[in-house]
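These notes are about the structure you will find just below.
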2 protein chains.
Amino acid sequence: MSTESNHLRKAGLKVTLPRMKILEMLESSETRHLSAEDVYKSLLESGEEIGLATVYRVLTQFETAGLVARHHFEGGHSMFELNEGDHHDHILCVKCGRVDEFMDETIEKRQRQIAQDAGYEITDHSLYIYGICPDCRSKA
Amino acid sequence: MSTESNHLRKAGLKVTLPRMKILEMLESSETRHLSAEDVYKSLLESGEEIGLATVYRVLTQFETAGLVARHHFEGGHSMFELNEGDHHDHILCVKCGRVDEFMDETIEKRQRQIAQDAGYEITDHSLYIYGICPDCRSKA
DNA sequence: CTACGGATGCAAAAGCTTCTCATTATTATC
DNA sequence: GATAATAATGAGAAGCTTTTGCATCCGTAG
């Protein structure tokens with residue numbers, strides 16, 4: 001029994017071909033952050049006949065099941081990333097779209113403190129740093 | 001000469017009725033964070049005949065001119081906020097949509113450090129904390 | 001192997017935002 | 001003030017991403 005189908009089963013989802021293929025796609029992509037359109041196009045290129053609507057539906061289910069995280073980077077459309085356990089935030093290049101990840105316990109701690117001070121029960125947070133990446137800086 | 005028209009002039013924008021009305025709307029609203037739709041509807045209620053396309057155009061111009069800040073809260077559509085100089089981040093209630101603001105120099109400093117460590121030249125950043133606000137917590 | 005219920009695909013619809021273009025208003029100039 | 005040049009506006013169409021309706025198909029329990 002493959003790892004993918006176990007993941008699906010654990011998430012309470014039927015093991016179907018589209019779900020398997022999308023999960024594989026997310027795992028094998030060298031870019032960890034993909035839009036629904038990216039996933040759709042990659043599947044087409046691999047010769048898989050999966051509808052765009054299904055891609056959206058499946059990604060949303062994966063998100064609900066905790067298998068992927070959905071990010072709202074600037075520019076409108078959602079980006080999906082395989083959830084490999086550890087939380088992290090993102091730093092993005094505004095020139096080339098490159099995405100790097102980081103994790104800072106100091107910031108995490110301050111966020112919890114701020115929420116508490118404001119009387120909020122924190123459920124989630126998102127932190128994006130935008131800038132120009134090393135490569136784009138040296139090119140300029 | 002009104003304050004609003006000075007703001008517009010300084011921003012290099014012609015002083016037109018729609019721009020004046022939209023600026024007034026942003027200044028007088030008790031909610032500091034408004035969507036384009038919010039602005040449009042409020043204007044209609046005030047008896048102003050301003051098209052939605054104009055609202056979007058003007059808000060974008062205001063953003064470019066630095067008069068307002070555009071935020072991408074979860075849920076897709078943009079929110080606009082009058083830029084009153086000081087930078088701050090946001091904490092939002094996922095139940096009622098309430099928005100509070102905060103500013104934390106520790107976090108700001110860490111962000112600059114993280115960008116530097118990653119070799120990025122930082123241009124911008126956005127931090128949203130999501131949670132349940134005091135009011136909604138007591139109601140539950 | 002069968003049958004039930006959920007999953008899929010397609011096309012249509014929805015929601016937000018931008019664009020097109022004819023019309024109108026604003027500003028610099030006389 | 002009036003005028004001409006130029007930019008701004010309004011209305012609707014178009015564009016994009018995402019969701020939905022529905023007939024058909026597939027996976028799974030029995």
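It should be emphasised that the depicted structure is a prediction, and the values quoted were computed from it without experimental measurement. Quick note on labels: first sequence line is chain A, next is B, and so on, each numbered from 1.
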Please report the closest heavy-atom contact between [X] and [Y], naming both atoms and the distance.
X: B:Ile122; Y: B:Ala115; answer: CB-CB, 4.0 Å
X: B:Tyr40; Y: B:Leu52; answer: CE1-N, 3.4 Å
X: A:Leu26; Y: A:Val39; answer: CD2-CG2, 4.4 Å
X: A:Val94; Y: A:Tyr130; answer: CG1-CB, 3.8 Å

Under 3.5 Å, which protein N or O atoms sit close to an N or O of nucleotides 25-30 of chain C? Give each pair with its distance.
unit_1 : atom_1 : unit_2  : atom_2 : d
C:dT27 : OP1    : B:Val15 : N      : 3.1

Which protein N or O atoms sit under 3.5 Å from an N or O of nucleotides 15-19 of chain D?
unit_1 : atom_1 : unit_2  : atom_2 : d
D:dT18 : OP1    : A:Ser78 : N      : 2.8
D:dT18 : OP1    : A:Ser78 : OG     : 3.4
D:dT18 : OP2    : A:Tyr56 : OH     : 2.3
D:dT18 : O5'    : A:Tyr56 : OH     : 3.3

Donor + acceptor pair across side chains of B:Thr3, B:Asn6 (<3.5 Å): no

In whole Å, what is the span from the [atom1] atom of [X] to the [atom2] atom of [N]?
X: B:Leu59; N: C:dT18; atom1: CG; atom2: P; answer: 10 Å
X: B:Gln61; N: C:dC19; atom1: CD; atom2: P; answer: 12 Å
X: A:Arg19; N: D:dC26; atom1: CZ; atom2: P; answer: 15 Å
X: A:Tyr40; N: C:dC10; atom1: OH; atom2: P; answer: 7 Å
X: B:Phe73; N: C:dC16; atom1: CZ; atom2: P; answer: 16 Å
X: A:Met20; N: C:dA7; atom1: CE; atom2: P; answer: 16 Å
X: B:Leu43; N: D:dG10; atom1: CG; atom2: C1'; answer: 14 Å
X: B:Phe62; N: D:dA8; atom1: CZ; atom2: P; answer: 12 Å

Test your reading of the model: is there a side-chain donor-acceptor pair from B:Asp117 to the backbone of B:Ile114, 3.5 Å cut-off? no

Passing candidate, side chain to side chain contact (heavy atoms under 4.5 Å, CB included) with A:Ile50, options A:Arg19, A:Lys21, A:Met25: A:Lys21

Exactly one of A:Glu108, A:Glu101, A:Met103, A:His71 clears side chain to side chain contact (heavy atoms under 4.5 Å, CB included) with A:Asp89, and that residue is A:Glu108

In this structure, are over 12 heavy atoms from other groups packed under 6.0 Å from A:Glu49 atom CD? no

